[in-house]
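In what follows, a structure is listed as structure tokens, so that the remarks can point back to it.
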Amino acid sequence: MTLFSYSFEGIGEDAAYMLDVSDLIARDQSNEIKITNTAAPEYFNLPGDSPQPELLVGRLELATVPESQAAASPLRKSETPPAPVSGKGIQLDSVEILASPAGGIEIRQPDTSYFIESEFSRPGGGIHRFGIEKQPDTWRSLQISIADIHSICITAEDDSYRLIRSIGFRKGRIELQDTFTNLADRVIGVAITHTMIPSRPPQGIYLGGIDGVDNNGSPSYPAANPTVFYAGTKGGLGIAAEDTVLRLGLKTYRAGTRCYFLSHHFGLDVSASYTLRCALYPEDKPSYWSFISRLRQDWGVNRTVENFGFAATSLDESYSDEAMRTFFQRRGIRITIPGLWWGQMYGFTGTPQEQVKILGKDPVRIKRACPDMRVLCKIQPLLSAACPEGQDPYQDSQIIQENGRPMTFPCDPRDPCYGDVPPGWVRYRHVPVIGNSWYKQLEEWIHLSMTEGGFDGIYFDTFSYATGFYGRYTYDRWDGHTVDIDPQSGEVTRKYADLALISEPARIALIELVRKYGGEVLANDPPQTEGLTCINTLRCNETTNHQGYAQMHLSTLTPLGHSECYTSNERRNQKGWKTEADRMDDIRDKLSAGCLYSYYYAGPELTQEIVTRWMFPITPVEIGPGWVIGRERTVTMVSGEYGWGPDTVAETLLFDENGHRILSPPPDAIQPIPEGVKIQIPAGGMGILIRKPQQE
Amino acid sequence: MRHSRTLPVWAVMGLWLGFTAFEVWAVSPLTIWRYEGEAFLIPARKSVSISVPSLDIPAGQAAVLVIQVRLQTRGLPILTGITC
């Protein structure tokens, strides 16, 4: 947990933090206080070479306060659940949904109840609530009804908007939909906060797929894994944001046992309506993995994943055809992406026809060595080539900042990729919208890549338009939903456009264009809109930590592997990034988070084929902490029983700590059982079960 | 050792939630142990460990850690944070 205050102004220079450590302190024995200074200049937007912040510790004490006062602390207070709801309800199997007369919801499961309270800002000032306990009357009207045996309807209204909440059982899960209609004669904004309160302390709370973190997502970096999961005693409850507007504006955080699910930039045009949609999954076991596997099934993201890698960026001209063939074979790579980009780098200024001749040399060279390799062409859909300032050929597509100026990307002369431009030139950032000049440029590049270039598909970099670093909003237009809301007046203070929202139709059209040529699409970043989640594309994610891996849980499960220049110090061992064991350690790290693997840069030299050669293709049906069960194969690092039923396992392979196949495993390492096999995973190793071809 | 002085502190509990929100919890804790050394600096990415002797925490009392910390970097406004 990080505690932070910008300033002690008005509080006193001698102010101190006070932390309730009752549950941390070991009584009747000595204790140790460890303070670590984790501050870094970049936290404060200071240059990287600024002096490292030092932490000055003045006063340090242990003290006592009466329990009655401790119970009044903000966190402790949050741990007191409301009384059970005695309102109207509906039931399916062992799960009951009850609505309190004040609009709050209780989801009652056999071992735990989960209460949902909601707050909605009110144009003109103030807050409306759907509470568990009786609330002051702020709505003009509030009605609760049982719509049918499977759903409850809550209708609330004030002068500026109508809210119709529908909550009920559909397709084995609970769907919660809030439909807002603007009744005012102006654009309105509604800041929405849902609070989830369990009736008893949970074993774990997963935000974005990670237990123990305090928050997930933000307006700058929305939640790629827009979920919360409560792991209770025997069961659990998962919640997922489903529609694009809620996902893009979503932030989740926790305080104590309460979780907050909020969207604070939601706006509506005059007379407009929009429905924010969540899905809730009561689980009969306290497993995030069970929940996320169900959600994957319902979202239709269990698609076949092929082995892809950027390894070709490390294959220079000195590689013989044989060396290249060996390189790909040992990794099992079937889709690769060479180094050159369309229109962007290394002073690449020729016409598109001239550029495609240069780009097209890579697929010829790679396919000469590996005729079956599918080669993708790299497009950066956000940055164009540098040009003299003010002479952007795609001016109608620029991303405009709050100050009205177009957004550019730094041309740092120290950067060999981005810095090789004359003084006074800039690299503008663009957003494709159907019909604008940048969209047409991307269309032309795709067309040339897939025809004259000899490519088998397209790699789109930074394709989510949802990462703050590359640009998140444009301030020259309104997308119909994104607004800032004054917390006091409740009125809209600014309207602007979410790049991920306004570019979604164009991005879908570009993917479909590649498909029209029979091409493959790989995109960097997990999908973060509903439309793009529904489209089958391979995805990667530049990440080196488990939070990043969990961002892939609703996509193709393929975060990029470590590389020499892209390696987290926490993860890498003291040996560096040199051995096959290092590579295997990286693959297992991903699998421990329910993910597969994709190759980034070359990494350690391999002496023989390694485990990834047998991992793909795979169509996942269930993921867990250390395994991915697919239709064609199962990949695991956890000993146990696996299989698809009697007489379904064709082959069981074991791999050692170097990722090498164990040709003669110990006799008891693989034992047949009625439903499949029982396997014992070697230390630091993995196992792969290959399924027999299925009968129609 | 036990200090009987009641400290009139405003203890500030700031939760780093991605936005500027913090809550104030006003109580008067009774100090039962205090680090007696001088104020000290912890360099970036370094840790300091301090042993605390066995303490008698009476029934009905909650234990709290009171800590005054400041980040020091020239040019910064007063910024104070702690991670536990």
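Just the heavy atoms: all of them, side chains too, but no hydrogens, waters or symmetry mates, feed the values below. Remember, predicted model here, so these are calculated numbers, not experimental data. Here is how names work: the chains are called A, B, and so on, in the same order as the sequence lines, proteins then strands, and each is numbered from 1.
Residue Pro58(B) comes nearest to Thr64(A) through the heavy atom pair CD-CG2, 4.4 Å, listed as atom of the first residue, atom of the second, then distance. In terms of heavy atoms, Ala39(B) sits closest to Gly58(A) at CB-CA, 4.0 Å.
Using a distance-only test at 3.5 Å, with no hydrogens or angles considered, no donor-acceptor pair links the side chain of Thr36(A) to the main chain of Ser47(B). Checked by atom type and distance alone, the side chain of Ser54(B) pairs as donor or acceptor with a backbone atom of Gln29(A) at under 3.5 Å. Asn31(A) places no side-chain N or O within 3.5 Å of a backbone atom of Val52(B) that could act as its donor or acceptor partner.
Between Asn37(A) and Lys46(B) there is no side-chain heavy-atom pair separated by less than 4.5 Å.
Residues forming a salt bridge (Lys or Arg N to Asp or Glu O under 4.0 Å) with Glu119(A) (at least two apart in sequence, or on another chain): Arg129(A).
Rounded to the nearest 0.5 Å, atoms OH (Tyr35(B)) and CG (Leu62(A)) are 14.0 Å apart. Here the CD1-OG distance, from Ile57(B) to Ser22(A), works out to 7.0 Å after rounding to the nearest 0.5 Å. To the nearest 0.5 Å, atom CG of residue Leu65(B) and atom CG of residue Leu60(A) are 6.0 Å apart.
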Quick one: do Thr31(B) and Glu61(A) satisfy side chain to side chain contact (heavy atoms under 4.5 Å, CB included)? Show the steps, please. CA-CA 7 Å; Thr31(B) 303; Glu61(A) 300 172 1; 3.0 Å; yes
Given Ile42(B) and Val57(A), is the side chain to side chain contact (heavy atoms under 4.5 Å, CB included) satisfied, shown in steps? CA-CA 8 Å; Ile42(B) 307 175; Val57(A) 180; 4.0 Å; yes
Apply side chain to side chain contact (heavy atoms under 4.5 Å, CB included) to residues Leu30(B) and Val65(A) and explain how you reach the verdict. CA-CA 6 Å; Leu30(B) 189 70; Val65(A) 297; over 6 Å; no
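Of the two parts of Ile33(A), the backbone and the side chain both hold a non-hydrogen atom closer than 4.5 Å to a non-hydrogen atom of chain B.
No donor-acceptor contact under 3.5 angstrom links the side chains of Glu32(A) and Ser51(B), judged on distance only.
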